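As structure tokens, the structure follows; a few thoughts come after it.
Please read all numbers here as calculations on a predicted model, not as lab measurements.
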Amino acid sequence: MEAECTAGGAEELNSEPSAPKARAGSLHKHSHELAEALEVEQEGLVEHQPLEQDDLNFERWKPKPKPKRTLHEKIGDLKTYLWNPETKEFMGRSGKSWSLILFFYSALYIFLAAMFAGCMCCLMWSISPYAPTYNDRVMPPGMTMTPHVHDVHGFEIIFNASDRNSWKKYTRALDAQLKSYDDAVQERRNIACMQDAYFMQDDLEESAERKSCQFKRSWLGPCSGVPEKDFGYSAGKPCILLKMNRILGYLPGQGTPVNVDCGVKKGTPEALGDVEFYPKNIFNLMYYPYYGKLRHVNYTSPLVAVRFPNLHLDTHLHVQCKLNGKGIINDSPTDRFLGSVSFSLEVGA
């Protein structure tokens with residue numbers, strides 16, 4: 001019994017010194033937490049303190065200007081950028097980096113070029129150079145005239161018969177238009193054809209050259225420029241040339257020749273007087289169809305020359321010439337050259 005009491009007393013004695021140490025540790029922890037709380041509170045107070053006058057001076061917060069670099073320093077930086085001997089870099093990139101970039105873009109553009117070439121080959125293989133692959137809708141032909149001096153409001157022929165300089169530009173245009181229609185040129189290049197019938201040459205190979213029918217300049221009479229070099233302009237009796245636009249494979253008139261007439265659109269009809277046509281007021285069927293410039297090499301479009309021999313002088317007229325025939329449209333509100341042509345005409349003494 002005494003031994004047990006002695007052992008118990010020893011345990012109590014050993015436990016008594018550990019109690020002050022635990023209390024000391026808790027006090028130390030508590031004081032540390034208080035110190036941290038006070039520090040946070042002081043920081044908050046500092047943050048809420050009013051700014052001083054020096055703090056309101058924004059000039060002090062501006063970034064300081066960088067010192068100016070001399071030209072020599074700039075040239076040195078440029079040289080370093082172009083070639084850095086320390087890192088062995090050219091324009092900021094190593095040789096390996098430049099090699100990869102060149103390889104990538106070379107491969108990219110070679111691929112794009114090959115793809116484009118392949119597409120073009122497929123396209124050229126699928127179409128014919130002689131005729132359109134798809135031609136399901138052919139518009140009726142338009143008509144053009146020579147000479148044509150384009151004005152803001154359209155074509156105009158205005159001159160004084162006694163003033164050569166006023167009509168010289170018109171005769172030059174007519175003569176240039178008729179160069180390929182010279183009789184000698186037509187006899188050498190083209191053949192005489194049977195009139196009033198289409199000259200069909202579809203039985204030949206697609207690439208074979210087609211023959212063309214003659215259209216001689218002398219057939220235009222006083223409007224040919226052969227007997228009268230001035231085409232009647234010096235006498236106040238001007239000529240114009242009308243031509244239908246070429247359409248590949250088109251057969252105008254559906255077996256009947258397309259004819260032309262001219263009249264006054266705005267003005268007095270009597271002021272225009274009689275109208276003469278050379279060689280006739282029709283486009284003969286023997287010049288059709290047209291097979292394209294690759295096959296119809298020497299083709300010359302047929303012409304209709306129009307002469308105004310009895311014009312009233314110093315009278316401004318608005319003249320319109322129209323095509324008439326089956327399948328022809330000459331009153332389109334959107335295209336003034338579809339099947340017709342209009343021009344202003346005024347001849348002075």
Side-chain angles (χ1 to χ4, degrees), residues 143-151 154-183 186 195 214-244 257-284 287 300-325 330 337 339-349:
M143 187 165 61
T144 58
M145 62 169 284
T146 304
H148 55 269
V149 178
H150 191 64
D151 188 64
F155 298 141
E156 65 174 14
I157 299 177
I158 300 175
F159 65 95
N160 293 324
S162 59
D163 184 5
R164 185 174 185 274
N165 292 327
S166 65
W167 50 259
K168 188 177 180 180
K169 56 186 176 182
Y170 301 124
T171 58
R172 283 180 175 176
L174 289 169
D175 189 61
Q177 175 70 33
L178 293 175
K179 284 291 184 183
S180 60
Y181 292 86
D182 288 342
D183 291 8
Q186 288 294 313
Q195 296 190 8
Q214 295 177 358
F215 191 98
K216 296 182 179 180
R217 182 172 182 169
S218 58
W219 296 350
L220 299 176
C223 294
S224 63
V226 177
E228 300 178 15
K229 298 294 184 181
D230 54 17
F231 297 91
Y233 280 77
S234 62
K237 301 175 182 181
C239 291
I240 65 170
L241 300 177
L242 301 178
K243 179 174 65 174
M244 275 201 305
V258 175
N259 64 79
V260 180
D261 63 27
C262 296
V264 176
K265 189 175 182 180
K266 292 181 181 179
T268 306
E270 292 77 11
L272 184 63
D274 297 332
V275 180
E276 299 175 355
F277 298 93
Y278 299 93
K280 296 179 181 179
N281 69 328
I282 63 170
F283 291 97
N284 203 289
Y287 298 102
T300 47
S301 299
L303 302 174
V304 171
V306 184
R307 185 170 181 257
F308 305 98
N310 300 314
L311 283 172
H312 288 191
L313 300 180
D314 300 318
T315 303
H316 188 81
L317 300 173
H318 193 73
V319 182
Q320 184 180 43
C321 295
K322 294 182 178 181
L323 296 174
N324 302 291
N330 56 22
F337 297 108
S340 66
V341 63
S342 301
F343 60 95
S344 298
L345 179 61
E346 183 177 351
V347 178

Exercise for the section: Report the residues that fulfil side chain to side chain donor-acceptor pair (under 3.5 Å) with Asn330, sequence neighbours left out, ordered by chain and then residue number. Expected result: Asn324

Problem - Side-chain heavy atoms of Ile157 within contact of Val319, under 4.5 Å - result: no

Handout entry: Rounded distance (nearest 0.5 Å) linking atom OG1 of Thr144 with atom CG of Leu242
Key = 8.0 Å

Exercise for the section: Work out which heavy atom in Leu241 is nearest to a heavy atom in Ala305; give both atom names and the distance. Expected result: CD2-CB, 3.7 Å

Problem - Nearest-0.5 Å distance that lies between atom NE2 in His316 and atom CD in Glu156 - result: 8.0 Å

Handout entry: Test side chain to side chain donor-acceptor pair (under 3.5 Å) applied to Ser301 - qualifying residues, sequence neighbours left out
Key = Arg246

Handout entry: Any Tyr170 side-chain heavy atom under 4.5 Å of Ile240 side chain
Key = no

Practice task
For residues Leu178 and Cys223, report the shortest heavy-atom separation together with the two atoms involved.
Solution key: CD1-O, 3.9 Å

Handout entry: Residue pairs involving residues 214-239 (criterion side chain to side chain donor-acceptor pair (under 3.5 Å); sequence neighbours excluded)
Key = Asp175-Arg217, Asp182-Arg217, Asp183-Ser218, Glu187-Lys216, Asp230-Ser234

Fill in the blank from the handout: The reported gap from CE in Met145 to SG in Cys262 (rounded to nearest 0.5 angstrom) is 9.5 Å

Problem - From Leu174 atom CG to Gln177 atom CD, the distance as rounded to the nearest 0.5 Å - result: 8.0 Å

Exercise for the section: Could you list the residues that satisfy side-chain contact (heavy atoms from CB on, under 4.5 Å) with Lys266, not counting sequence neighbours? Expected result: His318

Handout entry: Criterion side-chain contact (heavy atoms from CB on, under 4.5 Å) on Phe283 and Val304, from CA distance to verdict
Key = CA-CA 7 Å; Phe283 291 97; Val304 171; 3.8 Å; yes

Handout entry: Lys265 to Ser342 - nearest heavy-atom pair and separation
Key = NZ-OG, 4.1 Å

Problem - Shortest non-hydrogen separation from Phe343 to Cys321 and the atoms involved - result: CE2-SG, 4.2 Å

Practice task
Determine whether Phe159 and Thr171 make a side-chain contact, defined as any pair of heavy atoms from C-beta on separated by less than 4.5 Å.
Solution key: no

Identify every side-chain donor-acceptor pair in residues 268-282 under 3.5 Å, counting partners at least two apart or on other chains, and give the distances.
{"residue": "Asp274", "atom": "OD2", "partner": "Asn310", "partner atom": "ND2", "Å": "3.4"}
{"residue": "Glu276", "atom": "OE1", "partner": "Tyr278", "partner atom": "OH", "Å": "2.6"}
{"residue": "Glu276", "atom": "OE1", "partner": "Arg307", "partner atom": "NH1", "Å": "3.1"}
{"residue": "Asn281", "atom": "ND2", "partner": "Val260", "partner atom": "O", "Å": "3.3"}

Problem - Listed partners of Thr300 passing side-chain contact (heavy atoms from CB on, under 4.5 Å), at least two apart - result: Ser180, Tyr181, Gln186, Asn190, Phe215

Practice task
Output all residues satisfying side-chain contact (heavy atoms from CB on, under 4.5 Å) with Ala173, sequence neighbours left out; order by chain, then residue number.
Solution key: Thr146, Pro147

Problem - Set of side-chain contact (heavy atoms from CB on, under 4.5 Å) partners for Gln195, sequence neighbours left out - result: Asn284, Met286

Problem - Check: Leu313 main-chain N/O paired with Thr315 side-chain donor or acceptor under 3.5 Å - result: yes

Exercise for the section: Only counting residues at least two apart or in another chain, list the ones meeting salt bridge (charged side-chain N to carboxylate O under 4.0 Å, His left out) with Glu346. Expected result: none

Practice task
Determine which pairs satisfy salt bridge (Lys or Arg N to Asp or Glu O under 4.0 Å) with at least one residue from residues 309-318, sequence neighbours left out, and list them in order.
Solution key: none

Handout entry: Euclidean distance, Leu323 CG relative to Ser340 OG, rounded to 0.5 Å
Key = 8.0 Å

Problem - Exercise: identify the closest heavy-atom pair between Ala349 and Ser162 - result: O-OG, 2.9 Å

